[in-house]
Amino acid sequence: MPELPEVETIVRSLAPGIRGRVIERARLFFKPLLRQAPRGGLAVLAGKRVLSVRRRGKMAIIECEGGLSLVFHLKMTGQLLLAASGETWDKHTRLIVTFSDGGPELRFRDVRKFGFLLCVSGTPEGACAELSSLGPEPLDITIEDFGRALRGRKARIKGLLLDQTVIAGIGNIYADEILFDSGIHPVTRAAALTKKDAGRLWESTRKILALAIEAKGSTLRDYVDAEGKAGGFQFFHKVYDREGEPCVKCGTPVQRIRVAGRSSYFCARCQRKRRAV
DNA sequence: GCCACTGTTAGCAT
DNA sequence: CATGCTAACAGTGG
């Protein structure tokens, strides 16, 4: 479930472990993971120092010397892990990056193999469409720009929250939690939202994502940080995966419906549908 | 064993 | 262009 809070937690737990260290080599066990790379592949990384580790949307970016960057998307089950050099790994480990100091190595593990890696030259945003096509960061966008991004859109609000070109980093869990917090029904057409609704949605987005980062993300199945530690925000979910349980605000059983092809949990009493304008 | 379901999104149909 | 399904994969649970 790596959405924005999980990827942020991974990046924060990974950065101190690899920043400043020199890459020895990268071993790729599953070729299709590497979607894009310079001629010669990951061998260009040998001898390069890691300069920074950061996040954009749901992607993790490792910037190295020589203008080289690694861009990871974890999709549903991807993990970035720090492991002692030489420690055994399982069949789901797709990549191992070792460092010349012989210290902990970086591993990419992904059960479902949906994740991808790009090795690019130049600014990552300039070098790959996967990054340049992303919408604004939800914790950076102004309330005015947020309103503008939704204004007049006929799509359902939940679908737009999940659309990475509209706003980057929100996935199924946080979309449901944000909509519950703001009291908006997931099938509401964005065009039907009042200015007040949009304002509450912006506030809830910031609040929920900030709380989730503070709790180090939500662990339902596979997600752990770079040190293998689970998150704690799942204990604060108010609607996600709570079908049939009483709403924490009003006691009405939480419902589950399908919106934008995804399971969507909500309280029919606290999240009334808006009348189309 | 079989079927439904899972955190994402690219690609295709409408 | 905007919007909405589906498939890609592997595993889990009923």
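The sequence lines fix the lettering, A, B, ..., with proteins before strands; numbering per chain opens at 1. Below, each value reflects all heavy atoms present in this structure, side chains not excepted, and no hydrogens, waters or symmetry copies.
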Interatomic distance, [X] [atom1] vs [N] [atom2] [rounded to whole Å]:
X: A:M76; N: B:dC5; atom1: CE; atom2: P; answer: 13 Å
X: A:N172; N: B:dT9; atom1: CG; atom2: P; answer: 11 Å
X: A:D163; N: B:dT8; atom1: CG; atom2: C1'; answer: 12 Å
X: A:K113; N: B:dT8; atom1: NZ; atom2: C1'; answer: 17 Å
X: A:M59; N: B:dT8; atom1: CE; atom2: C1'; answer: 11 Å
X: A:E243; N: B:dT6; atom1: CD; atom2: C1'; answer: 14 Å
X: A:E3; N: B:dT9; atom1: CD; atom2: C1'; answer: 13 Å
X: A:L4; N: B:dT9; atom1: CG; atom2: P; answer: 12 Å

OP1, OP2 of B:dT9 versus side-chain N and O of A:R112: anything below 4.0 Å?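 For B:dT9, OP1/OP2 do not have a side-chain N/O of A:R112 under 4.0 Å.
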Compare side-chain N and O positions of A:Q164 against OP1 and OP2 of B:dT9 and report whether any pair is under 4.0 Å apart.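 So the side-chain polar atoms of A:Q164 do come within 4.0 Å of the phosphate oxygens OP1 or OP2 of B:dT9, strictly under.
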Can you check the distance between C:dC9 and B:dC12, where both ends of the measurement are the P atom (answer in whole Å)? 16 Å
Taking ILVMFWY side chains as joined if any heavy atoms are under 4.5 angstrom apart, and letting links pass through other members, which residues group with A:I257?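 Grouped by the 4.5 Å side-chain rule, A:V187, A:V259, A:F266 form the rest of the cluster around A:I257.
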Got a sec, which hydrophobics cluster with A:F29, joining ILVMFWY side chains under 4.5 Å apart, including via others?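 Besides A:F29, the hydrophobic cluster comprises A:W89, A:I96, listed by chain and residue number.
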For residues 30-40 of chain A, dump all side-chain donor-acceptor pairs below 3.5 Å to protein atoms at least two apart in sequence or in another chain.
residue	atom	partner	partner atom	Å
A:K31	NZ	A:L28	O	3.4
A:R35	NH1	A:E130	OE2	3.2

Nearest-nucleotide wise, let me know which of A:A260 and A:Y265 is further upstream toward the 5' end of DNA chain B.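 Mapping each residue to its closest nucleotide by heavy atoms, the 5'-most match is A:Y265.
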A:A26 versus A:L45, closest heavy-atom pair with distance: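 Of all heavy-atom pairs spanning A:A26 and A:L45, the closest is CB-CD1, 4.4 Å.
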Which atom of A:K75 lies closest to which atom of A:P2, heavy atoms considered: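 Result for this residue pair: O-CD, 3.2 Å.
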Heavy atoms under 4.0 Å, any strand shown: does A:R153 hit a base, just sugar-phosphate, or nothing?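 Touches sugar-phosphate only.
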What's A:K91 touching, base or sugar-phosphate or nothing? Going by heavy atoms closer than 4.0 Å.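 A:K91: backbone/sugar contact only, no base atoms under 4.0 Å.
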With distance as the sole test, does A:D181 use its side chain to make a donor-acceptor pair with the main-chain N or O of A:S204 at under 3.5 Å? no
Intra- and interstrand pairs of DNA chain B - dot-bracket, Watson-Crick/G-U under 3.5 Å, | marks other strand: .|||||.|||||||
Sequence-distant partners of A:R262, side-chain hydrogen bond (donor to acceptor under 3.5 Å, both in side chains), two or more places apart: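 Result, side-chain hydrogen bond (donor to acceptor under 3.5 Å, both in side chains) vs A:R262: none returned.
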For residues 242-249 of chain A, please give each side-chain donor-acceptor pair under 3.5 Å, one per line with the distance, not counting sequence neighbours.
residue	atom	partner	partner atom	Å
A:R242	NE	A:H237	O	2.7
A:R242	NH1	A:E245	OE1	2.4
A:E243	OE1	A:R256	NE	3.3

Got a list of side-chain donor-acceptor pairs under 3.5 Å for residues 145-152 of chain A, not counting sequence neighbours?
residue	atom	partner	partner atom	Å
A:D145	OD1	A:R148	NE	3.3
A:D145	OD1	A:R148	NH2	2.9
A:D145	OD2	A:T142	OG1	3.4

Among residues at least two apart in sequence or on other chains, which ones pass ring pair (Phe, Tyr, Trp, His ring centres under 6.0 Å) with A:F114? none
Could you write out each protein N or O paired with an N or O of nucleotides 10-14 of chain B at a distance under 3.5 Å?
none

Which pairs count as side chain to side chain donor-acceptor pair (under 3.5 Å) when at least one residue sits in residues 117-127 of chain A, sequence neighbours excluded?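 Every pair satisfying side chain to side chain donor-acceptor pair (under 3.5 Å) with a residue in residues 117-127 of chain A: A:R54-A:E125.
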Considering only heavy atoms of chain A and a distance under 4.0 Å, specify the first and last nucleotide of DNA chain C in 5' to 3' order that meet this criterion.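 First-to-last contact on DNA chain C, by the 4.0 Å heavy-atom rule, is C:dT3 to C:dT12.
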Pairs satisfying salt bridge (charged side-chain N to carboxylate O under 4.0 Å, His left out), at least one member in residues 81-101 of chain A, at least two apart: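 Every salt bridge (charged side-chain N to carboxylate O under 4.0 Å, His left out) pair that includes a residue of residues 81-101 of chain A, provided the two are not neighbours, is A:R21-A:D101, A:D90-A:R109.
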